[in-house]
Amino acid sequence: MSPLLTFLLALLFKHHLNLISASDPDPLQDFCVLESESGSGSCKNSSAATVEDFIFSGIKSPGNFTGSGFSSVPVNVNVFPGLNTLGMSFVRADFGAGGVNVPHYHPRATEVAFVVEGSIYSGFVDTQGRVFVKVIEKGEVMVFPKGMVHFQMNIGESPATILGSFNSQNPGLVRIPATIFGSEIKDELLEKAFGLNAKELSRLKSKFHSS
């Protein structure tokens with residue numbers, strides 16, 4: 001085998017491994033319902049599993065609304081043990097009139113958002129700073145690539161609802177405003193980075209510190 005062909009095969013194999021490691025691992029059994037009572041992260045004995053382990057009823061109604069007019073009910077392995085090892089999770093998001101889901105990203109998952117009701121100004125920003133944004137209506141779907149900052153706002157006069165699906169049982173959530181201004185990053189750095197004076201920064205930190 002020529003050195004060039006060997007190199008190309010090795011490169012292809014490495015790329016394949018990268019693709020595999022970029023998502024949740026495949027399960028090694030039919031299912032692995034998380035044994036919540038033990039707290040050890042082990043699977044419930046499959047013979048003890050029931051249909052109730054694979055049903056979750058906690059998204060029949062909205063969650064608690066924030067000051068931005070937004071509510072979310074995550075459906076992940078922490079509240080729905082039947083999702084364990086299946087490589088997926090879910091969220092219900094509700095918006096009051098003018099409600100905003102602040103810029104945020106999911107470090108471990110791509111999200112597909114389906115508009116159940118309403119008109120949502122929705123988009124994401126790529127690593128080149130390009131903004132992909134559009135008002136999506138009832139019945140439409142938008143995808144947010146993994147790790148991309150994205151955002152949503154209800155531009156209608158009535159409530160709106162979105163159902164989101166993730167290709168990870170633990171997608172993670174990083175809200176940009178709270179992460180930056182609600183953390184313990186040194187004030188001097190934030191003032192220089194955002195062109196703020198001490199008073200302006202103090203106001204932002206007081207707003208987001210408990211978010």
Side-chain angles (χ1 to χ4, degrees), residues 19 22-27 31-34 53-127 130-180 182 208 211:
L19 288 176
S23 59
D24 290 359
D26 286 336
F31 49 81
C32 173
V33 177
L34 194 64
D53 290 317
F54 305 98
I55 296 173
F56 181 76
S57 303
I59 57 170
K60 290 182 177 180
S61 57
N64 297 322
F65 282 85
T66 65
S68 65
F70 174 74
S71 163
S72 67
V73 181
V75 184
N76 52 44
V77 69
N78 296 319
V79 296
F80 190 7
L83 288 176
N84 190 41
T85 74
L86 299 184
M88 64 175 299
S89 54
F90 201 70
V91 67
R92 170 176 174 156
D94 290 272
F95 302 76
V100 171
N101 188 7
V102 300
H104 62 284
Y105 67 92
H106 306 287
R108 294 181 290 275
T110 292
E111 178 181 1
V112 176
F114 170 75
V115 182
V116 177
E117 197 67 52
S119 300
I120 303 291
Y121 175 81
S122 182
F124 68 91
V125 185
D126 73 4
T127 57
R130 293 183 299 170
V131 180
F132 298 83
V133 65
K134 184 180 179 181
V135 175
I136 53 176
E137 309 280 355
K138 177 179 179 179
E140 293 188 307
V141 173
M142 187 168 190
V143 63
F144 305 117
K146 181 171 68 173
M148 297 290 99
V149 173
H150 54 285
F151 48 85
Q152 296 152 328
M153 179 172 67
N154 180 9
I155 63 168
E157 297 181 356
S158 58
T161 301
I162 281 180
L163 298 179
S165 178
F166 305 95
N167 64 337
S168 171
Q169 71 175 41
N170 184 20
L173 172 62
V174 180
R175 293 188 175 95
I176 303 301
T179 299
I180 294 174
F208 292 107
S211 298

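Contact of the Asp94 side chain with the Phe70 side chain is not registered, since no non-hydrogen atoms from C-beta on lie closer than 4.5 Å. A 4.5 Å side-chain heavy-atom check between Glu111 and Val143 finds every atom pair outside the cut-off. Side-chain contact between Val75 and Ile59 is present, with at least one heavy-atom pair separated by less than 4.5 Å. Side-chain contact between Thr161 and Pro159: absent, with no pair of heavy atoms (C-beta onward) separated by less than 4.5 Å. Residues Ser89 and Pro74 fail the side-chain proximity criterion, which asks for heavy atoms closer than 4.5 Å. Looking only at side-chain heavy atoms (C-beta outward), Val135 and Ile120 stay at 4.5 Å or farther from each other. Contact of the Phe95 side chain with the Gln152 side chain is registered, since non-hydrogen atoms from C-beta on lie closer than 4.5 Å.
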Discussion item. Pair Asn84, Val33 - check side chain to side chain contact (heavy atoms under 4.5 Å, CB included), show working.
Written reply: CA-CA 6 Å; Asn84 190 41; Val33 177; over 6 Å; no
Practice prompt. Could you go through the side chain to side chain contact (heavy atoms under 4.5 Å, CB included) check for Asn76 and Gln169 one step at a time?
Written response: CA-CA 6 Å; Asn76 52 44; Gln169 71 175 41; over 6 Å; no
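To the nearest 0.5 Å, atom OG of residue Ser72 and atom CG of residue Leu173 are 7.5 Å apart. Here the straight-line distance linking atom CG of Asn101 with atom CD1 of Ile162 works out to 8.0 Å at 0.5 Å rounding. Rounding to the nearest 0.5 angstrom, the gap separating the CD1 atom in Ile155 from the CD atom in Glu137 is 6.5 Å. From Met142, atom CE reaches atom CZ of Phe124 across 5.5 Å, with rounding to the nearest 0.5 Å. Between the CD1 atom in Ile176 and the NE2 atom in His150 there is a gap of 10.0 Å [rounded to 0.5 Å]. Separation of atoms CE (Met153) and OG (Ser119) is listed at 11.5 Å; rounding is to 0.5 Å.
Residue Tyr121 qualifies as open at atom OH: its count of foreign heavy atoms under 6.0 Å is 12 or below.
Pairing each heavy atom of Ser165 with each of Met88, the nearest pair is OG-CE, 4.4 Å. Looking at every heavy atom in both residues, Val73 comes nearest to Pro62 through CG2-C, 4.2 Å. Scanning all heavy atoms of the two residues, the minimum distance from Asn154 to Ser158 falls at ND2-O, 2.9 Å. When every heavy atom of Ser168 is checked against every heavy atom of Ala109, the shortest pair comes out as CB-CB, 3.8 Å. Nearest heavy-atom pair, Arg175 versus His104, reported as atom, atom and distance to 0.1 Å: CA-CB, 3.8 Å. Here the shortest heavy-atom pairing between Phe80 and Asp53 reads CE1-O, 3.3 Å.
Taking the six-membered ring for Trp and thresholds of 30 and 60 degrees, Phe166 and His106 have ring planes more than 60 degrees apart, a perpendicular arrangement. Taking the six-membered ring for Trp and thresholds of 30 and 60 degrees, Phe31 and Phe54 have ring planes more than 60 degrees apart, a perpendicular arrangement.
A ring-centre distance under 6.0 Å is not found for Tyr105 and Phe144.
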